[in-house]
Amino acid sequence: MKNNVVITRFAPSPTGWLHVGGARTALFNYLFTRGQQGKFILRIEDTDRERSKKEYEESILSGLSWLGLEPDETYRQSERTAIYTEYIKKMLAADRAYQAEDGVIRFRNPNRVVNFVDQLRGEINIDSTDLGDFVIARNDHEPLYNLAVVIDDHEMKITHVIRGDDGIANTPRQILLQEAMGASRPIYVHLPLILAPDRTKLSKRHGAVAITDYEREGYLPAAMINFLALLGWHPADDREVLTREELLTAFRLDRVQKGAAVFDRDKLNWLNHQFLKKYPAIEMAELIEKHLTDEVRALSQYNTARLLRAVPTLVERLNKLSEITTWCQNGELNFYFTSPQYALKLLRNTAHLATIAKMLSALAGEQFTADNIKSTLWDYATQAGRAEVLWPMRVALTGREKSPDPFIVAAILGREETLQRLAYAQTL
RNA sequence: GGCCCUAUCGUCUAACGGUUAGGACAUCAGCUUCUCAAGCUGGUAAUCCGGGUUCGAUUCCCGGUGGGGUCACCA
């Protein structure tokens with residue numbers, strides 16, 4: 001009989017979308033538990049019928065699923081009233097709780113100092129006297145938060161309660177209730193909170209706070225997980241970019257920070273770029289294609305083969321997928337799919353265009369790679385002056401002041417299109 | 001305000017009494033270079049303050065200050 005199996009839970013209330021703080025709490029529970037063959041439970045705390053909404057519950061479920069934090073079991077408190085009623089009646093019968101004059105059920109507070117150990121912070125003492133005979137249920141079938149939590153943690157045999165440190169204030173109430181019903185005490189771990197850059201609580205006015213916002217902006221779940229893990233935790237070595245598997249094996253509760261951490265977009269962007277770079281080209285092309293605007297798809301030479309060839313240069317400066325949309329709106333991507341319009345002045349000079357075209361036309365279609373194009377033109381460009389040769393070539397192909405280098409662009413466009421654009425430039 | 005938690009570069013963090021206080025993001029400079037981006041190299045930058053304990057404190061203790069949390073028939 002093994003009695004040392006770890007059981008944890010993530011217990012959000014469906015009164016709002018899953019936000020980054022909740023996601024981080026879920027992640028730490030998940031990493032801690034799955035790193036040691038434990039059981040990770042999702043418990044929807046929807047005892048407040050008024051404020052709980054199905055759409056929020058769905059957002060929590062889909063958010064966790066997107067991050068890959070699948071629970072082993074899922075419960076809904078609204079489906080467990082029979083269990084709560086039983087406990088409430090028992091507490092009433094044992095006179096550990098009583099029906100107050102105002103109609104609700106209150107706990108008989110023993111009014112003493114509650115002492116508990118937090119795995120991260122050590123011993124914590126809180127005098128429960130200030131709490132008074134707090135309300136634990138509206139009636140015998142409608143428990144309030146603290147009661148429902150204690151009953152469920154006990155029924156589900158939760159071994160570790162890992163939650164945000166705003167839960168510290170509730171801990172004495174919950175411990176008192178555990179003792180009143182003879183339940184054992186789980187190990188408490190209160191995680192530091194995630195703060196906005198201005199060091200205040202993360203809220204909507206700080207921009208994206210819901211996990212779905214990040215999904216929509218085009219962050220990869222792997223990057224999000226990595227980033228969230230690094231908010232309040234760090235491996236024993238210097239690694240910063242870690243896969244889910246690496247996180248799972250490296251995660252240790254005793255390396256979790258005590259102080260609050262500020263959410264840093266720059267680092268998230270950098271991390272996402274790291275994962276984007278590692279993404280397989282074909283799948284990356286699919287992801288990028290999803291973010292293209294209809295206007296771009298409608299361009300005359302649009303084709304997925306060309307997009308696929310352009311993926312490396314796009315990914316190079318891509319922090320999040322939504323930037324693709326921005327580039328589309330700026331027209332920055334148009335030259336990949338249609339002949340560019342530009343002024344002769346931008347070209348600077350047309351002197352070498354004919355020579356370039358002639359040299360490139362010697363390359364067969366299948367030889368038209370960036371490396372071959374470069375080696376074909378490099379010596380000539382060096383002799384004639386690279387700026388004199390390469391700048392006009394690049395403008396002829398892209399029509400832009402800023403772009404990837406002309407060898408790569410030429411390879412993406414292909415032999416025929418490249419030669420056409422070079423020919424057109426000579427007519428200006 | 002009471003109670004509780006907390007405090008290393010701008011940000012995320014390493015250092016479990018002895019280090020030139022390390023890494024990453026951001027930033028700056030240089031390299032590369034036809035432009036942009038990426039990449040590479042280097043730089044600037046921190047132990048909140050005051051007392052202790054100790055031969056020696058980022059590290060342990062106390063106080064202050066700052067920040068956060070919490071004080072519902074919400075969770």
Side-chain angles (χ1 to χ4, degrees), chain A residues 11-16 22 44-52 77 100 102-106 118 120-122 124-132 134-139 142-146 148-149 163-173 190-195 197-201 227-241 254-255 257-271 273-274 277 312-319 332 346 348 381-382 385-395 398 400-408:
Chain A
S13 74
T15 52
I44 302 294
E45 310 221 317
D46 54 355
T47 51
D48 187 338
R49 310 278 174 130
E50 320 267 278
R51 301 202 308 158
S52 296
Q77 290 190 326
D102 47 9
V104 295
I105 297 170
R106 289 178 178 274
D118 181 285
L120 252 41
R121 299 153 207 279
I124 296 175
N125 301 294
I126 299 176
D127 191 346
S128 76
T129 307
D130 319 334
L131 274 28
F134 54 91
V135 178
I136 57 173
R138 293 194 176 88
N139 49 53
E142 280 188 287
L144 258 20
Y145 167 73
N146 282 297
V149 163
R163 69 206 338 180
D165 73 16
D166 48 346
I168 292 179
N170 284 312
T171 307
R173 287 185 184 83
H190 288 98
L191 268 19
L193 261 24
I194 297 177
L195 269 26
D198 62 1
R199 293 220 140 255
T200 62
K201 199 171 179 175
F227 174 69
L228 254 16
L230 257 21
L231 239 36
W233 172 85
H234 198 277
D237 51 48
D238 272 345
R239 286 176 299 168
E240 299 269 347
V241 183
D254 58 14
R255 292 191 63 82
Q257 208 74 12
K258 286 186 288 198
V262 171
F263 191 93
D264 179 15
R265 271 291 189 134
D266 285 332
K267 189 138 187 179
L268 205 212
N269 286 339
W270 175 80
L271 261 177
H273 183 232
Q274 303 309 307
K277 282 197 296 191
T313 63
L314 294 176
V315 168
E316 201 168 71
R317 53 206 210 95
L318 188 65
N319 285 317
E332 286 180 50
L346 188 61
R348 288 186 193 167
T382 302
R386 289 180 203 149
E388 293 302 301
V389 177
L390 269 16
W391 174 275
M393 176 181 172
R394 197 170 50 71
V395 172
T398 68
R400 305 188 64 87
E401 287 186 320
K402 301 171 181 177
S403 80
D405 80 54
F407 314 116
I408 291 174

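So that the names make sense, note that chain A is the first sequence line, chain B the second, and so on, each numbered from 1. Because only heavy atoms are used, hydrogens play no part in the values below, and waters and symmetry mates are left out as well, while side chains stay in. Every value quoted in this text rests on a predicted model; they were computed, and no experiment measured them.
Within 4.0 Å (heavy atoms only), Val135(A) reaches sugar-phosphate atoms of the nucleic acid but no base atom. Pro192(A) comes within contact range of no nucleotide atom at all, as no heavy-atom separation falls under 4.0 Å. Asn139(A) comes within 4.0 angstrom of nothing in the nucleic acid, heavy atoms only. Contact annotation for Asn170(A): base contact, defined as any heavy-atom pair under 4.0 Å involving a base atom. Contacts of Pro12(A) with the nucleic acid, taken as non-hydrogen atoms under 4.0 Å apart, are absent. Within the 4.0 angstrom heavy-atom criterion, base atoms lie near Ser403(A). Among the protein residues, Arg51(A) comes within range of the nucleic acid bases, having at least one heavy atom under 4.0 Å from a base atom. The residue Ser52(A) sits apart from the nucleic acid: no heavy atom pair falls under 4.0 Å. Among the heavy atoms of the strands, none lies under 4.0 Å from Asp127(A). Residue Glu45(A) is in sugar-phosphate contact alone, with no base atom involved, counting any heavy-atom pair closer than 4.0 Å across all strands shown. Gly103(A) comes within 4.0 angstrom of no nucleic acid atom, judged by non-hydrogen atoms across all strands.
Closest approach to the Asp166(A) side chain among C3(B), G39(B), G69(B) is made by G69(B) (side chain taken as heavy atoms from C-beta onward). Here C74(B) is the nucleotide among C74(B), U6(B), A24(B) with the atom lying nearest to any side-chain atom of Asp48(A). Looking at the side chain of Lys267(A), the nearest of the listed nucleotides C73(B), C4(B), C25(B) is C25(B). When distances are taken from the side chain of Ile168(A) to each of U11(B), C34(B), C4(B), the shortest belongs to C4(B). Distances from the side chain of Ile124(A) to the nucleotides C4(B), U11(B), G23(B) place C4(B) closest. The listed nucleotides are C74(B), G69(B), G67(B); the one nearest the side chain of Arg138(A) is C74(B). Of the candidate nucleotides G23(B), C25(B), A37(B), G23(B) has the atom lying nearest to any side-chain atom of His234(A). Checked against C3(B), G69(B), G23(B), the side chain of Leu193(A) finds its nearest nucleotide in G69(B). Of the candidate nucleotides A38(B), C25(B), U70(B), A38(B) has the atom lying nearest to any side-chain atom of His273(A). Of the listed nucleotides (A26(B), C34(B), U11(B)), A26(B) has the atom at the smallest distance from the side chain of Asp266(A).
For Gln257(A), a side-chain nitrogen or oxygen approaches OP1 or OP2 of A14(B) to under 4.0 Å. An OP1 or OP2 oxygen of C34(B) is reached within less than 4.0 angstrom by a side-chain nitrogen or oxygen of Arg386(A). Residue Trp391(A) places no side-chain N or O under 4.0 Å from the OP1 or OP2 atom of C34(B). Taking side-chain N and O atoms only, Thr313(A) has no distance below 4.0 Å to OP1 or OP2 of A38(B). When the side-chain nitrogen and oxygen atoms of Arg255(A) are compared with OP1 and OP2 of A15(B), one or more of them lie within a distance under 4.0 Å. For C12(B), the OP1/OP2 oxygens have a side-chain nitrogen or oxygen of Arg199(A) closer than 4.0 Å. An OP1 or OP2 oxygen of G68(B) is reached within less than 4.0 angstrom by no side-chain nitrogen or oxygen of Lys258(A).
Spacing between A21(B) and A57(B) at atom P, rounded to whole Å, works out to 14 Å. Here the separation of C48(B) from G42(B), taken at their P atoms, is 28 Å to the nearest Å.
In this entry U41(B) has A29(B) as its Watson-Crick or G-U wobble partner, both defining distances falling under 3.5 Å. Pairing of U19(B), defined by two Watson-Crick or G-U wobble distances under 3.5 Å, is not identified with any nucleotide. Base pairing analysis places G63(B) opposite C49(B); the two distances defining the Watson-Crick or G-U wobble pair are each below 3.5 Å.
With no hydrogens or angles considered, no side-chain donor-acceptor pair links Thr47(A) and Arg138(A) at under 3.5 Å.
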